[in-house]
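Reminder, nothing fancy here: chain letters follow the sequence lines and each chain counts from 1.
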2 protein chains.
Amino acid sequence: MIDVPALVAQAREGRPRAVARLISLVEGASPQLREVMAALAPLTGRAYVVGLTGSPGVGKSTSTSALVTAYRRQGKRVGVLAVDPSSPFSGGALLGDRVRMQEHATDPEVFIRSMATRGHLGGLAWSAPQAIRVLDAAGCDVVLVETVGVGQSEVEIAAQADTTIVLLAPGMGDGIQAAKAGILEIGDVYVVNKADRDGADATARELNHMLGLGEARSPGDWRPPIVKTVAAKQEGVDEVVAALDKHHTWMSEHGELAARRLRRAAQEVETIAVTALRERFARVHGDRHLDALAQKVADGELDSYSAADELIASLTG
Amino acid sequence: MIDVPALVAQAREGRPRAVARLISLVEGASPQLREVMAALAPLTGRAYVVGLTGSPGVGKSTSTSALVTAYRRQGKRVGVLAVDPSSPFSGGALLGDRVRMQEHATDPEVFIRSMATRGHLGGLAWSAPQAIRVLDAAGCDVVLVETVGVGQSEVEIAAQADTTIVLLAPGMGDGIQAAKAGILEIGDVYVVNKADRDGADATARELNHMLGLGEARSPGDWRPPIVKTVAAKQEGVDEVVAALDKHHTWMSEHGELAARRLRRAAQEVETIAVTALRERFARVHGDRHLDALAQKVADGELDSYSAADELIASLTG
């Protein structure tokens, strides 16, 4: 058995090995997970959680690294959670991020963790909040959560973060494509990276136009800013940090920070409860009952709603 | 009340308005949803369901349209389901697909439907199977399901389809990026579109290399082919159809088609059951009980697992 209170005390002091070990515990759904979470609960809620997302190739890892540099210049302790769908070959996270993060690897005030979601539906929703809590309890002022992709994973990252940065780069597809990717719903701050390339101004202009198409805003509403960067050269990154500070202040003043954190907690509790019920299905009946019902659905003998009724009746009856 | 048996009979005859109306019924979770699903169940299981996915900008809509053209030349009836995350502005599907699909709009043997997932987690898993059943019952030989994105939505589309096509285009990011996007797990057929552009051969080569890195395959295993296309000029599209035919035959011969459909049905039944339980949470307690628990979690007074325990106890106790 691991001495959880001792480990938590070491993590609070910022010892990297203790932080890494706690994240492994929450990621691996260890039997001591509940003990860990109970010990962390009173130590959390201080860190500012920033999500970064965007299509492959826009420079997410480089931008994350540049943000770490900017925050370190302010003397802040920074946590980084890089969420990778795992490769089918290694079963683990890829090395790409770590290579780009190397300049921060020896900084004792920076905690970097790659997390594989292993292709699970809800993979991010399940482990990321716990890992964020570990980094929060370890005294990180800022936690940057970087995730690949558009679509569901973007929506999930937005649900985990206080502020969401959506990254774009010139030449990654036209306006309709961007809108299809659903990014206009979730960004609090937009960054057009690789701004030294052709088309950066056009991308920013088009994005600005599309953001302006939304419903009329009230005077106090947040209008997501668009910042141009060349993350590889640290250009424009201080402006991104300034935009984040501004959003943080705006949220605090408008009660939005507390509201977002409440929504996040509610979603997390519900996800854990539903997952526990799902496991109860399997414990009570094995998979055989579900398989028999599914076979009938596949054969057209039963529709899926009636099959679901039978499954529920067998659980609660 | 809608006369469901009459509507289903009309859909079987291939009347577009009846098909559209049935999809609206299943998409909108109408009170008659269960009646519709029960009526459709015995009429389904004949259509070959093909999923298309890839990052924004690779040419998914153009490729879907080109596949429709190829299948129509074979005299087949084709259904298209274009799954769009909705725009925050219109609340509905965007027009991009429809514009590109216009050449098929007046063909009575082609049914095209855009579906908004409205940013819901599990949005695709929830309505798409029902819409696919409608198109199946309407006598479609092939149903093409096009979805935006990488990550979760890709995994979901792969769960819905008999065969999954992953689209790539030259210059959309390097190999590590592709692997991060998780695409190597889910493709049965890979298509490098825009193959008349620089870098197409390099993209195909790199993809081929990465696919080869997988575990040793048994002699009977499916090796996903890589096909190069210029969908806008209909180039290479017949080769894609040939690859799909080959995969369909391979799956039938190896029991894989039945196995995939069984897994799909099991997942669907479980999703419906879990959603119904979720709704029961809300019915029994309103949202107030969950909100109170979430507030404690947000304030650090309670950890999320203990909160989930309380929520479950209140449901089943």
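- Closest approach of B:L311 and A:E270 over heavy atoms only: CD2-CA, 4.5 Å.
- Contact detail for B:D291 and A:L262: the closest heavy-atom pair is O-CD1, 4.0 Å.
- Nearest heavy-atom pair, B:A265 versus A:A294, reported as atom, atom and distance to 0.1 Å: CB-O, 3.4 Å.
- Ranked by heavy-atom pairs under 4.5 Å with chain B, the list A:A298, A:A41, A:A258, A:P42 is led by A:A41.
- Distance CE/B:M37 to OG/A:S306: 10.0 Å, rounded to 0.5 Å.
- Of all heavy-atom pairs between A:A273 and B:A308, the closest is N-CB, 3.8 Å.
- Proximity to chain A (any heavy atom under 4.5 Å) is restricted, for B:R133, to the side chain, taken from C-beta onward.
- For B:D309, the part lying under 4.5 angstrom from a heavy atom of chain A is the side chain only.
- In terms of the side-chain contact (heavy atoms from CB on, under 4.5 Å) criterion, residue partners of A:L257 (sequence neighbours excluded) are, by chain and number, A:D162, A:H248, A:M251, A:S252, A:R261.
- In this structure, chain A has a heavy atom under 4.5 Å from the backbone of B:L302, while its side chain stays farther away.
- The salt bridge (charged side-chain N to carboxylate O under 4.0 Å, His left out) test applied to B:E256 returns B:R260, B:R263, not counting sequence neighbours.
- Counting heavy-atom pairs closer than 4.5 Å to chain A, the top-ranked of the candidates B:T44, B:L40, B:V269 is B:V269.
- Summarising the geometry, atom CD belonging to B:E35 is positioned 11.0 Å from atom CG belonging to A:D303; distances are rounded to the nearest 0.5 Å.
- For B:R197, the CZ atom sits in a loose shell: 12 or fewer heavy atoms of surrounding residues, nucleotides or ligands are nearer than 6.0 Å.
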